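Every value quoted in this text rests on a predicted model; they were computed, and no experiment measured them.
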Amino acid sequence: MVFPTVLLKLAEWLLCQLLADSCYRAAMRMKNCGFLITNTKNPSHRSSPSSQAQQQPPQSPFPPVTKCSLQGRESEALVCDIHGALLRPQSFFPYFMLVAFEGGSIFRALLLLLSCPVLWVLDHELKLRAMIFISFCGLRVRDMESVSRAVLPKFYLEGLNAHAYEVLASAGRKVVFTSVPRVMVEGFLREYLSVDDVVGTELQTLGGYFTGLVSGSGLLVKHRALKAYFGERKPEIGLGGPSFHDHLFISLCKEGYLVTQEEAKGSTGSAVLPRSKYPKPLVFHDGRLAFLPTPLATLSMFLWLPLGIVLAIFRLLVGIYLPYKLAIFLGTLSGVKFNISGSRPARSGPRKGVLYVCTHRTLLDPVFLSTSLGQPLTAVTYSLSKMSEIIAPIRTVRLTRDRAKDGETMQKLLSEGDLVVCPEGTTCREPYLLRFSSLFAELADEIVPVAMDAHVSMFYGTTASGLKCLDPIFFLMNPRPCYHVRVLEKVPPELTCAGGLSSHEVANNIQKQLAHALGFECTSLTRRDKYMMLAGNEGIVKEKKKKRTF
């Protein structure tokens, strides 16, 4: 009877300690947020000068990151953390949500969202362990590699602190120490920020899957890891946040600088790194979420999801079965925003149809062009799922990638009517145009460029690694999806192949014209470049091997 009694008392003591500790942390959080009102806020009780001095926060021993000189740092070593220093968002929760949603499933993301009340009262270490377990338990290693390569870099770049990045870029050697899982940040830090080494928390794996547990060494402690890495030598520069652990971390450096929350926000938004100063152009990225999934934003998405599905089906049926003008009217009432400019071009002759050359933003480009012009069009595509072909309100013809056969097919279609082609061969979300295939220029002299752009706020309507058949559904699920359609002037005869130009010259000229109209940048990247980077394949739809929905 002695052993059960001792065990019971031990369990009782442990429970009391956990409850007391959790309640204390919750109370302190409420006090910091202003929920607990004390007598010091009562103007009738004036405090003495000595008590006011005691209430003032102590001055930090480290200067702000904006005071760091950038000159002559080429031979110096810099250490920092991505969380709290390089990234402006103070919470790493949104990035775990991206892993859970894009790498796992919508159910894993919902579980992580439902855990927020529990995470709120946990300390930093327990919170991090809980998010790691929920996000990674049972997740395939290759799925995490895909997320770290194709999804996370976009959000990391958008959250990069401009001041901290300038200091990082000025240093000769860069080492990042972080308590977050190394697999979440190493790819981005090495490829985009040219970091020499990344030391982070290691995760356990079993048979190609994550167990959700950290390795035997536990969560990385930055100041201990720095001592083990550098030994007796002190790195020249250290960047850290306002936390006590960061103070310990940067105190081991010759120079220490703080990135406070106020510095990260900036009075005029100066801490936001503009796209023009990105260390590497972001042309390709994948994933369905078009927003940073903070807890409030993720909750809003889940609340919107049932209505969004119904709304997407309604918008789809309207576009398929109703006349063009009525479809535009009801689509606008449902929240779809149309920006249409230009007019239908005049025909030079009755023999052949007009070839519309469009930029490619989503699979709905030809549909919105047909609706804008108020006439039926035929669209050609290199790869399209069966479901997309079935639900398409216009005629679609699949090409074979054989140049001779595809040329004959397009010539025949042009003899029957107007044709839409997207010479980029694949969609691109960012303000770039991929290289134009020159095949279209060899087939027609009646060429009309069409500048198309799409904007979403919640879900992307394109994917490289998910189910492409759901692309139109996801686009139409957005609360207010927007499409810009600008029909440009017909290409003059002297700028076509009939005027003596080569097909490549014609294609390049039209690419530049469309890029200028949209304010985009021309690239020489191709469809193959996109899919090899994002999905590791050629980008050909295979119906028998379907991946997850989300």
Side-chain angles (χ1 to χ4, degrees), residues 82-83 86-87 92-109 112 128 131-159 176 178-215 219-220 279-289 292-293 426 429-430 460 462-468 525 527-540 542 545-550:
I82 186 172
H83 178 214
L86 293 179
L87 294 181
F92 219 79
F93 175 89
Y95 306 103
F96 279 101
M97 179 58 72
L98 287 169
V99 173
F101 188 93
E102 306 289 4
S105 66
I106 190 173
F107 304 106
R108 186 188 294 268
L112 182 59
L128 193 55
M131 290 192 294
I132 289 174
F133 184 80
I134 296 173
S135 303
F136 283 89
C137 183
L139 184 68
R140 290 188 298 185
V141 173
R142 65 178 183 180
D143 288 338
M144 180 60 228
E145 292 174 350
S146 175
V147 171
S148 65
R149 180 182 65 250
V151 178
L152 290 175
K154 170 185 169 60
F155 296 94
Y156 286 151
L157 285 172
E158 291 179 348
V176 173
T178 180
S179 57
V180 301
R182 179 180 55 83
V183 295
M184 289 181 63
V185 299
E186 184 174 26
F188 167 75
L189 291 172
R190 288 185 182 273
E191 183 176 354
Y192 284 85
L193 303 188
S194 302
V195 170
D196 298 287
D197 203 0
V198 180
V199 184
T201 298
E202 300 293 339
L203 303 183
Q204 291 182 1
T205 59
L206 181 64
Y209 290 83
F210 290 101
T211 64
L213 304 175
V214 300
S215 64
L219 294 177
L220 182 131
K280 182 180 178 180
L282 179 73
V283 181
F284 300 130
H285 63 89
D286 203 15
R288 290 295 190 186
L289 295 183
L292 185 67
T426 186
R429 300 173 179 176
E430 298 301 309
Y460 283 116
T462 60
T463 183
S465 57
L467 283 178
K468 295 185 70 64
L525 299 171
R527 172 194 179 93
R528 185 178 184 276
D529 295 326
K530 170 186 171 180
Y531 278 90
M532 289 302 295
M533 175 184 173
L534 298 182
N537 57 55
E538 299 285 341
I540 302 173
K542 295 181 180 180
K545 296 183 180 181
K546 294 183 178 180
K547 288 195 70 177
R548 60 185 183 280
T549 303
F550 293 92

| Arg429 to Tyr460 six-membered ring, cation-pi geometry met (6.0 Å, 45°) |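 Ring-cation test returns yes.
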
| Short question: side chain of Ser135, backbone of Ile132 - any donor-acceptor pair under 3.5 Å? |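 No; judged by distance alone, with no hydrogens or angles, the pair does not exist.
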
| Side chain of Asp286, backbone of Ala464: donor and acceptor closer than 3.5 Å? |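 Yes: the side chain of Asp286 pairs with the backbone of Ala464.
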
| task | Give the minimum heavy-atom separation between Leu534 and Ala150, together with the two atoms involved. | result | CD2-CB, 3.5 Å

| ring-ring contact (aromatic ring centres under 6.0 Å, His included) against Tyr156, all qualifying residues, sequence neighbours excluded |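 ring-ring contact (aromatic ring centres under 6.0 Å, His included) list for Tyr156, sorted by chain: Tyr95, Phe188.
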
| task | First locate atom CD of Glu102, then atom CZ of Arg108, and finally report the distance between them rounded to the nearest 0.5 Å. | result |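 Taking CD in Glu102 and CZ in Arg108, the distance rounds to 13.0 Å.
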
| task | Count the heavy atoms of every other residue, nucleotide or ligand shown that sit under 6.0 Å from OH of Tyr192, and state whether that count exceeds 12. | result | yes

| Less than 6.0 Å separating the ring centroids of Phe155 and His285? |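 No, they do not, as the ring centres are separated by 6.0 Å or more.
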
| message | Using the side-chain contact (heavy atoms from CB on, under 4.5 Å) criterion, which residues pair with Glu191? Sequence neighbours excluded. | response |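 By the side-chain contact (heavy atoms from CB on, under 4.5 Å) rule, Glu191 matches Lys280.
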
| query | Quick one: does Phe210's side chain get under 4.5 Å of Gln204's, heavy atoms only? | reply | no

| query | Can a salt bridge be assigned to the pair Glu158 and Lys154 using a cut-off of 4.0 Å between side-chain N and carboxylate O? | reply | yes

| With the threshold set at 4.0 Å, does a side-chain nitrogen-carboxylate oxygen contact exist between Asp197 and Arg182? | no

| message | Is it true that Thr463 and Arg288 share a donor-acceptor pair across their side chains at a distance under 3.5 Å? | response |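 Their side chains do not contain a donor-acceptor pair, so the 3.5 Å distance test is not met.
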
